[in-house]
Amino acid sequence: MNQPTDNTPRVRTRFPPSPTGALHLGGARTALFNWLFARHHGGDFVLRLEDTDRKRSKQEHTDSIMAAMDWLGLDFDEGPFYQTQRLERYREAIDQMLEQGRAYWCHCSPEDLTKKREAAMKAGGKPMYDGACREKNLGPAEGAVVRFKGPRTGSTTFNDLVKGPITFEHKELDDLIILRSDGWPTYHLAVVVDDIDMAISHVIRGDDHVNNTPRQILLYQALDAAVPLFAHVPMILGPDKTKLSKRHGATAVVDYQTLGYLPEAMINALARLGWSHGDQEKFSLQELVELFGLDAVGRSAAVFDTDKLLHLNQRYIQEAEPARLAELLPPFLAERGITEYDQALLLACLPELTPRAKTLVELADWAEPFLKAEPEMSPKAVKKFLKPETSPVLERVLAMVQERGVEPEAMEAGVRELSEELGLKLGGIAQPVRVALTGRTFSPGIFEVMAILGAERVIARLKRALAIAKG
RNA sequence: GGUCCCAUCGUCUAGUGGUUUAGGAUAUCGGCCUCUCACGCCGAAGACACGGGUUCGAACCCCGUUGGGACUGCCA
């Protein structure tokens, strides 16, 4: 075990996305766990952009990743740092290793390497670098790379904070490239140098890095640096149990934002994926900070359950303050062509709507009949409920509203009386009225709808419906 | 192929040798509530991958098998 156990240093974690795409669910959860761990221990959370892949890294991706982090509420104490701005440091580290004989120049061409790899595979062997240049003492040259001179014997063991002790035999590891022929360092070198310089104490990352860990530990040692603690959290899978990818549909955090999810629902769902606290299902961010620990992180991969996220979202929508929802709704309303509306009306209908909506998209849909001056009339609803026979009923209700207003209790009493008088069930009156007021066959309770809309709008809509009913 | 990791209801999980007829959540189904649609409430069905050990006793410990995943790049 080569882990620092004494004089425990300050907890410092980092999230190091590469700006080659949007922040996806797996990355978001990794970020969340790192953030929670740092916050729980009163430590620091560092953001670092691993942009040494010059071809695929894009500023727009950096922007979208930071926007997604911001949406989720994951703030960072330091950074963002960019690897492309730290080239000198990497060269320094590589030079140091070169001088100390811990790295060497390799002149093998990519083509030769590929050929050797394929040949080895064909022969049933391991596709590892054969160390052709390892003892040649070559110098820099056009197209040359620098490789790490790793140990050939022995083994490296690290105590993974979620998986326990893991051992790798050095003979399974080949001499990895640390400096590319284009002069940029590779991931392994850059990540180790960065984590050393940024004094990272805990590396919490995806399962897919387990195999990289021993070679990185060897790099720490070659650089005479302290090795951080590692925690590898399991992968997030798609419904088909394979690694979550774009073909699984919505995988980016921003996708869920546009689908009408609340960030707290997303956080809650992500946290519960692989981490648990007894039977508790719902956690505020504050609770998560208090309760989070690596010891309660599971070891097995998990399928991202969108149904559960949807359910959580519904519950968070129900709990959300109307004022906040009203602030979040405009883009979703605009999607439905509602750009100008009565803010007070929106605020008034929200409490009746939230129990019915699982997303902000659905909430906007429910709000539509309230906010549009003349709600769209569903043809099917009109055909079924706004017939000539129903116009007497609508007329009676209209008269009632004109006389007594829309106070719910009075309206209900009046309508119940009317239903008895006409020998109708309450639904016999409620449904035509519902269609008249909302254009749809479903809505919150009809008396609540009337109260929210107010007498003036109710009267106008009833008249409009009467005109339709009479043909 | 090699190396490493993983394995409880469809899904997310609780469970760290006996308190378990394996608990919760979600999804599904049924019922109640009811002016529609929801919310809510009640109930049903549903899992320890398999085989060996260790032990008085195993979902929990060990080994093997099977299955799944990751890595095996001059991507990160």
Side-chain angles (χ1 to χ4, degrees), chain A residues 16-20 50-53 55-57 83 106 108-110 113-114 117 120-128 143-147 160 163-164 166-169 171-174 176-182 184-188 190-191 205-214 232 234-235 237 239 241-243 269 272-282 298-312 314 318 352-358 362 366 381 385 412 415-416 419 425-431 433-435 438 440-447:
Chain A
S18 65
T20 53
E50 308 216 324
D51 54 351
T52 55
D53 183 339
K55 293 190 191 72
R56 296 193 301 147
S57 296
Q83 291 191 324
C106 169
C108 299
S109 71
L113 262 17
T114 307
R117 210 171 9 245
M121 293 272 266
K122 217 170 175 180
K126 305 177 176 83
M128 303 199 310
V145 301
V146 174
R147 284 182 186 272
D160 193 288
K163 292 174 187 293
I166 299 175
T167 300
F168 286 85
E169 297 296 326
K171 63 173 190 273
E172 303 293 343
L173 276 24
D174 60 1
L176 78 167
I177 292 171
I178 54 178
L179 182 70
R180 294 193 276 243
S181 57
D182 65 3
W184 287 94
T186 57
Y187 161 72
H188 289 287
V191 77
R205 69 215 316 194
D207 224 349
D208 46 344
H209 285 289
V210 172
N211 294 284
N212 294 332
T213 306
H232 290 98
M235 302 268 80
L237 275 24
K241 298 238 183 196
T242 61
K243 191 176 178 177
R272 281 290 286 105
L273 241 198
W275 175 83
S276 61
H277 181 70
D279 283 339
Q280 189 173 341
E281 297 285 350
K282 207 154 156 289
R299 291 159 308 272
S300 53
V303 174
F304 185 71
D305 188 355
T306 49
D307 280 334
K308 211 154 181 175
L309 170 65
L310 195 58
H311 174 257
L312 278 169
Q314 175 176 32
Q318 281 178 48
E352 287 296 326
L353 269 27
T354 49
R356 296 171 165 81
K358 293 181 196 286
E362 289 182 15
W366 280 102
F385 293 108
E412 175 151 10
V415 170
R416 284 195 187 276
S419 71
K425 285 181 184 174
L426 194 52
I429 298 175
Q431 280 306 82
V433 172
R434 190 184 315 283
V435 174
T438 69
R440 333 219 278 209
T441 55
F442 50 90
S443 80
I446 201 64
F447 306 114

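For clarity, every value in this text was computed on a predicted model and none was experimentally measured. Labels below follow one simple rule: chain letters A, B, ... track the order of the sequence lines, proteins then strands, and each chain is numbered from 1.
Considering CD1 of I166(A) and CG of D160(A), their distance stands at 4.5 Å, rounded to 0.5 Å.
For U3(B), the paired nucleotide is A70(B), the pair qualifying as Watson-Crick or G-U wobble because both relevant distances are below 3.5 Å. C32(B): Watson-Crick or G-U partner is G40(B), with both key distances under 3.5 Å. With a 3.5 Å ceiling on both atom-pair distances, G46(B) lacks any Watson-Crick or G-U wobble partner.
Contact check on D174(A) versus R147(A) returns no salt bridge, with no Lys/Arg side-chain nitrogen under 4.0 Å from an Asp/Glu carboxylate oxygen.
Using a 4.0 Å heavy-atom cutoff across all strands shown, G274(A) reaches sugar-phosphate atoms only and no base atom. Using a 4.0 Å heavy-atom criterion, one finds that R56(A) contacts the bases of the nucleic acid, with or without backbone contacts as well. Note on R416(A): only backbone sugar-phosphate atoms sit closer than 4.0 angstrom, heavy atoms only; bases stay farther off. Contact annotation for C108(A): base contact, defined as any heavy-atom pair under 4.0 Å involving a base atom. Within the nucleic acid shown, T20(A) has no heavy atom closer than 4.0 Å to any nucleic acid atom. Contact annotation for T114(A): no contact, since no heavy-atom pair falls under 4.0 Å across all strands.
Taking the nucleotide of RNA chain B with the nearest heavy atom to each of Y187(A) and Q318(A), the more 5' of the two is matched to Q318(A). The 5' end of RNA chain B is approached more closely, in terms of each residue's nearest nucleotide, by A302(A) than by the other of A302(A) and G445(A).
A straight line from NZ of K282(A) to C1' of G24(B) spans 16 Å, rounded to a whole angstrom. Between the C1' atom of C71(B) and the CD1 atom of I166(A) lies a distance of 13 Å, rounded to the nearest Å. Summarising the geometry, the separation between CE on M128(A) and P on C74(B) is reported as 14 Å, rounded to the nearest angstrom. Going from atom CG of D307(A) over to atom C1' of U11(B) covers 8 Å, rounded to whole Å. Counting to the nearest Å, the P atom of C74(B) and the CZ atom of R180(A) are 10 Å from each other. At whole-Å resolution of the value, CZ in R272(A) and P in G24(B) are 14 Å apart. The CG atom of L426(A) sits 11 Å away from the C1' atom of U36(B) (whole-angstrom rounding). Rounded to whole angstrom, the span from the CG atom of N212(A) across to the P atom of C4(B) amounts to 15 Å.
For S276(A), no side-chain nitrogen or oxygen approaches OP1 or OP2 of C12(B) to under 4.0 Å. One finds no side-chain N or O of R299(A) lying less than 4.0 angstrom from the OP1 or OP2 phosphate oxygen of C5(B). Neither OP1 nor OP2 of C74(B) sits under 4.0 Å from any side-chain N or O of S181(A).
A 4.5 Å side-chain heavy-atom check between T354(A) and Q314(A) finds every atom pair outside the cut-off. In this structure the side chain of R356(A) reaches within 4.5 angstrom of the side chain of P444(A), judged on heavy atoms. Taking 4.5 Å as the limit, some side-chain heavy atom of L273(A) sits within range of a side-chain heavy atom of F304(A). Taking the side chain as every heavy atom from C-beta outward, K308(A) and E281(A) approach each other to under 4.5 Å.
A distance of about 15 Å separates the P atoms of G18(B) and G57(B), rounded to the whole Å. A14(B) and C6(B) are spaced 15 Å apart, taking the P atom of each and rounding to whole Å. Across G52(B) and U16(B), the matching P atoms stand 26 Å from one another, rounded to whole Å. The same atom, P, is picked in G17(B) and in A27(B); the two are 34 Å apart, to the nearest Å. Spacing between U66(B) and U28(B) at atom P, rounded to whole Å, works out to 38 Å. Separating the C1' atom of C42(B) from that of C56(B) is a span of 42 Å, rounded to the nearest Å. U54(B) and A70(B) are spaced 32 Å apart, taking the C1' atom of each and rounding to whole Å. The same atom, C1', is picked in C33(B) and in G46(B); the two are 27 Å apart, to the nearest Å.
A donor N or O paired with an acceptor N or O is found under 3.5 Å between the base of C12(B) and the side-chain atoms of K308(A).
Remark: side-chain polar atoms of Q431(A) are not paired, donor with acceptor, to backbone N or O of G427(A) under 3.5 angstrom. Of the possible donor and acceptor atoms, none in the side chain of W184(A) sits under 3.5 Å from a partner among the backbone N and O of D53(A). Here the side chain of E169(A) pairs no donor or acceptor atom with the backbone of K171(A) at under 3.5 angstrom.
The side chain of F447(A) lies closest to C35(B) when the candidates are C35(B), U11(B), C6(B). Proximity note for P127(A) (side chain, C-beta onward) versus C74(B), A14(B), U72(B): the nearest is U72(B). Of the candidates A38(B), C12(B), U72(B), A38(B) carries the atom nearest the R356(A) side chain, counting heavy atoms from C-beta on. Of the candidate nucleotides C5(B), C74(B), U36(B), U36(B) has the atom lying nearest to any side-chain atom of F442(A). Listed nucleotides C35(B), C37(B), C5(B) differ in distance to W366(A); the shortest reach to its side chain belongs to C37(B). When distances run from any side-chain atom of E281(A) to the nucleotides G24(B), C35(B), C74(B), the shortest one goes to G24(B).
Look at C39(B): its glycosidic torsion is within 90° of 0, and that puts it in the syn range.
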Handout entry: nucleotides 58-70 of chain B: protein proximity per nucleotide (B base, S sugar-phosphate only, - neither; heavy atom, under 4.0 Å)
Key = -----------SB

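The closest side-chain donor-acceptor pair between T213(A) and R205(A) falls under 3.5 angstrom.
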